[in-house]
Amino acid sequence: MSGERYDHKEIEAKWQKRWADSGLYKTTEDSGKPKSYVLDMFPYPSGEGLHVGHPKGYIATDIYSRTKRMQGHNVLHPMGWDAFGLPAENFALKNKVHPRVAVEKNIATFKEQLSVIGFNYDWSREINTTDPAYYKWTQWIFLQLFKKGLAYQSNEPINWCPSCMTGLANEDLDGNVCERCGSVVEKRALPQWVLKITAYADRMLTDLDTLRWPEHIKTAQRNWIGRSEGSEIDFKLIGTDKTVRVFTTRADTLFGATFLVLAPEHELVKELSAQIENKDEVEKYVAAAAAKTEIERTNADKEKTGVELKGIKAINPANGEEIPMFVADYVLSGYGTGAIMAVPAHDERDGAFAKKYNIEIRDVISEKFELNGISAERPGVETVHRKVVDPILRDKDNNFYLVKEGPEHVHFAGGGVEEGETDEQTLAREITEETGFTDFTIGRKILPNSTVWAYRHTKNRNQRSVGYAYEVILNSDTRVHSEVEDGKHELVKVPKDKVLETITWPHHRHIFEQYLNQKLFADDGVLVNSGEFDGMTSEEARKAITEKVGGKLTTTYKIKDWVFSRQRYWGEPIPIIHCEKDGAVAVPEDQLPVLLPDVESYEPSGTGESPLANITDWVNTTCPTCGGPAKRETNTMPQWAGSSWYYLRFMDPDNNAALVSKEKEKYWAPVDVYVGGDHAVRHLIYARFWHKFLYDIGAVSTIEPFARLEFLGFILAEDGRKMSKRYGNVINPTDVVNNYGADAFRTYEMFMGPFENTVAWSTASIAGTARFMERVWRLAEKVGNDIPALDVVLHQTIKKVTEDIEAFKFNTAVSQMMIFLNAAEKEGGIGKNQLEMFLQVLAPFAPHITDELWEKLGHTDSIHASTWPSYDESKLVADTVTVAIQINGKVRGSIELGKGATEDEALTAARAVEAVAKYLAEGKEQKAIYVPGKIINFVVV
RNA sequence: GCCGGGGUGAUGGAAUGGUAGACAUAGGGGACUUAAAAUCCCCAGGCCGUAACAGGCCGUGUGGGUUCGAGUCCCACCCCCGGCACCA
C-alpha cells in the first residue's frame, strides 16, 4: 500500500457508518466477561449547542471504554439527556416555542455534533428525563420517599428567586444569589415539599471514605454536609421554669461562658416577653432583624448588634454564676438550637460582642506547647504536676523566638521552680543550663492571668507543668554549651556537634501573637480557671464537663433538607393529591406517570403558584383514598430530580415494571468510572442521597452509586475566557473535525494537559496532532520486516499507554506514542507486527485511522474488536544504557554500560572517563554511589 | 479565617529522591520550490566565555534544612486556583 492520501473525512465517515451497521457497541448482559460501566455526566441539551469543551469528558470515557473492551471487558457505555428544568424552559419562553419542541430540537443538534466525533455509545439505551416512560420512575421514587416519611410538606421560609420566580434549594445558591440568574434571593414562606436529606448526612459523610474520588470533591462534600460534634447543654433561667438549650462544640470552655445569646427568631424571646423589662426595645430589635436581607444578616464583617433581655438571667451550670442574656442576630436560628453560650475569651464573635457591650471576658484555655506536634506525654504513665517557669527568649534584634529541639520534643528552655527559689533565679539557672546563653535580661511576666503549659517526660513519669512565662531578651549571642555529668549540669565549652539538644529560632507566629500581642486564643489547649477540670486537655474536658452538667454529646449538620418544589412548568409533576379530608395522598402507583399536561401558557405566575394551577380540569380530581373531590399538587420537581438516578436506568432502559430489574442492577452496579466536571456538590450529593435511599428499600444492591470519579478540567476559549456566545469565542467541534479530523481532535483534547486541568484551547496546537495522524499514515506505508531496534521503545509504549489510560493520564500516553513514532521514523520504517501493536494502543484515541490501517494490513474484523497487546518485560530495557557520572552531585560526564554491568565494572569505566578523572585527581575520592541504569556519583573531598 | 489543590522555558506541560525542561505549540536557521504551502533536517532556560570549539556559573515562587544527590522529602513564608464561611 502506498501513495494514497490520508483523507480523514472519507475514512471517518466510512468507519462511523460501519460501526453503526455492525452493532459493534451494542451491549448485552449475557457474558462471562468482567463488566465495566463507564459513564459520562449526561448533558443538558441547551440551545447553544456543544462547544469544544463539552466532548473532552466524552473522549476520555470513549478511550477508556474502548480500551476496556479490547482488554476483554463487557462494557456499558451509554448516553442520554437531562432535559427538564429552568434552562430549557427559559430558552423556550425566550424563543416562543414549547419546551418539548425546543428540547427535541436541541437534542437533535447535540446528537448531530456528537456523531462526527466517533464515540462508541450504545445508542439503543438512550434515555431522556422528560420522557414519561422515564419520569414515571422519578415520580415512583418520590412516592417511596413520601411513604417512608422522607418527603414532607413544610411552610418554613425558603429561598425565592424573584427573577426565576421559583423557590430554590440551598444548593441552588451561590452565596446569597441565585446560581442560575444571579438575582439576590429573598425569603418567602410557601408550602413546599422537602426531602429529608439530613437523615442521610452521616452516611453520606462516612461512605465518602469508600470512594475513589478526587480529594477536592470529597472535601467539598464534607464542607457542605458540615458535620460538627458537640454538646447540648441546658441553662436554667432564674425565676422561671424554663431552660435554654444551647449547642456548642466547645463545652470545654463552659467556665468561660459569661453570657448567653438567643437568635432573634428563638421562641423563648416571645415566651418570656412577660418577664422582659425592656420588651419594647427587644421587639423592635427582633422586627428589625426580620426585615434585614440575608446579605445584611450574614456579613461577618459587620459590627455585632444585640439587645440584653433585661430582667432575665441564666445560670452557668458549671459554676452556678448568674450570667446575662442577649438577643443578637449573629446567632442563626437555623443552626444548632438557635441559642449559644458565649465565651468571649475563646471565640472571635463572642469576643467582639463582649467588648462592645462590656461583658466579662474570662480566660479558661491555655495553649499547650507541642511545637513540633510530638507530645512527650505517654499513655499509661503517671502524670505529676509541678510549677515551672518558661522563658520566651527573644533575640533583641528581631522577632525570632527560641525554643529547644530535642530528639523527641520541642519546648521552651525553662524548668521547675525548686524549693526556696524565685522565678527569676530559676529562669537564670535554666536558660544558662539549657541553652548556654549568659547575657540576657528578664522582662515582663506574660499573661499574668493565664499559664503556660508544657509536656515533658522523665524516665518514669509525665510532667504537666503549670507556671508563668516571662519575656526574656538576649543581649548578645555569647554562649557556652552545657552538658550533663553525674546528674549535675556543668558549664563547659563543648563542640557544637556534641550538644544533644539543639536550639532553634522559629519565627513562631503563635507565640508572638498570643503571648506578646495577647490575641484571642480560639484553639484547643489546656483548661485553667475551671475548678476541678484545671489541667485537663480541651478534648478530655468537652466530655467531662458535658457529663458533669447533665448535657449530652450530639452531632449537628450544616446541610439542610432539600427544598424540592418548583413553581415552574417544565418539570416532573409531584405525584400527590391534596384532599380536604385525607390531606396529602400519594397517587396510586398504577396511575403513574402523572403526565405533565399541555398548556396554553406556561409562563411562571410569580405568585408562588405553579402555572399548572390554572389548568382546572387537570388540577381537579378525586381522592384515591376517600373518593371525594381533591386537587393535584401543582408544583414540579427541580432540575436535579431526573439526574439523581439516571445511571440506574441505563442498565435497563425499557423496563416498564421496575426502575431497573434486580438482575441487571446486580450485574452492572456500581458505575465503575464516572466522568464529569462542576457538580461537586449538587448532583453528586443528591444522587448519593437517592441511591442510599434506594438501597434501604432494596431497589439497588450497592451503598454508593459511583465507585470512581474522575474530575474533568474545562476548556477555556483561546482568549482565556469562558467559551460563550456572549463573548463570540465559541469553537464548534464540528468545524474542528471538518478541518483536522475527529482523530486529531480527540487526540489533541487528550494531549492538551492533565485531564483535570483547565486549559485554554489552541487552534495552532491541534496542528500537532493532525500532523501526528499524517505521520502515522505515512509510516504505515513503510511497513516491512520487524526492526529489532524498535522493540524496546515499542514495549515501553505499550506499557505506558496501558497504565496511563487506566490512570486517566492521557496526555503522557499520547506523548509516549509520539516518542515511538519519532523512533520509527528515525529507523525509516516499521515491522508489520510492530505496526499492528502500535495501532492497537493508538486505536482508542484515534479509532478511525487505526481501523482503516488495520484493514489495509489485511484484517477483516475491526481493530476495536481485537485483543489489547501485552508488553514483554524482558524487552523494556535496552542492552546498553547511558549512565550519568556525577562528582559531588554535579554531572560531569556519562558512559554507556551494558545492562548487566557490575558495580566494579561501572566504577572502573567511570573513573576512566577523562572529564571525570580530572576531577578525581583534584581531591580524594571518599565514596562512590552506583545506581544501576541511572547514575554514578563520586564524593570527592 | 478554615479546608483542598497548585507555583517548572515564550506557551501547554514531562520528570518511582538519580543527567530538569520529555512530548508538543509558537519562534529562529537551513533543504526542497520560480515562489508559497506542505514536507524534511538543525537550533532553542539564563548568564559568562571562545574566532569557533572547549569550558564555567546560575536555574523548578522565597528562605532554611535533610541527603552522596532535592522540582520531588521536612520546616517557615509569599502568591494563585477551587470549596466553605457570623455554622457557635
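We name chains A, B, ... by the order of the sequence lines, and we start the count at 1 in each one. Fair warning: this is a prediction, and the values are worked out from it, not measured in the lab.
As the counterpart of C68(B), G18(B) is assigned, both hydrogen-bonding distances of the Watson-Crick or G-U wobble pattern falling under 3.5 Å.
Computed from coordinates, the Arg250(A) CZ to A88(B) P distance equals 11 Å when rounded to whole Å. As a whole-Å value, the separation of Asn757(A) CG from A14(B) C1' is 13 Å. A straight line from NZ of Lys218(A) to P of G5(B) spans 12 Å, rounded to a whole angstrom.
Residues from residues 923-932 of chain A lying near RNA chain B, meaning a heavy-atom separation below 4.0 Å, are Lys927(A), Ile929(A), Val931(A) in numerical order.
A donor-acceptor distance shorter than 3.5 angstrom exists from the side chain of Thr337(A) to the backbone of Arg245(A), with no hydrogens or angles considered.
For C84(B), the base has no donor-acceptor partner in the side chain of Lys558(A) [N/O atoms by modelled type, under 3.5 angstrom]. Scanning atom types as modelled, no donor and acceptor separated by under 3.5 angstrom connect the side chain of Asn223(A) and the base of C84(B).
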For residues 753-761 of chain A, run the donor-acceptor check on the side chains, cut-off 3.5 Å, and write out each pair with its distance to 0.1 Å, sequence neighbours left out.
from      : atom 1 : to        : atom 2 : distance (Å)
Thr758(A) : OG1    : Phe714(A) : N      : 3.4
Trp761(A) : NE1    : Thr763(A) : OG1    : 3.1

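Partners of His683(A) under the side-chain hydrogen bond (donor to acceptor under 3.5 Å, both in side chains) rule, at least two apart in sequence or in another chain, are Tyr674(A). Scanning for side-chain contact (heavy atoms from CB on, under 4.5 Å) contacts around Lys9(A) gives Asp7(A), Asn738(A), with sequence neighbours left out.
The OG atom of Ser762(A) lies 7.5 Å from the CE atom of Met752(A); values are rounded to the nearest 0.5 Å.
Residue-environment remark: CD (Glu539(A)) stays at or below the threshold of 12 foreign heavy atoms within 6.0 Å.
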Reading nucleotides 19-29 of chain B from 5' to 3' and marking B where a protein heavy atom lies under 4.0 Å of the base, S where only the sugar-phosphate is that close, and - otherwise, the string is B--BBSS----
Whether each nucleotide of nucleotides 45-50 of chain B has a protein heavy atom under 4.0 Å at its base (B), only at its sugar-phosphate (S) or at neither (-) is summarised, 5' to 3', as ------
| query | Passes side-chain hydrogen bond (donor to acceptor under 3.5 Å, both in side chains), Tyr686(A) versus Glu171(A)? Steps please. | reply | CA-CA 10 Å; Tyr686(A) 292 150; Glu171(A) 287 80 7; 2.9 Å; yes
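Proximity of Ser228(A) to the phosphate of A88(B): a side-chain N or O atom is located under 4.0 Å from OP1 or OP2.
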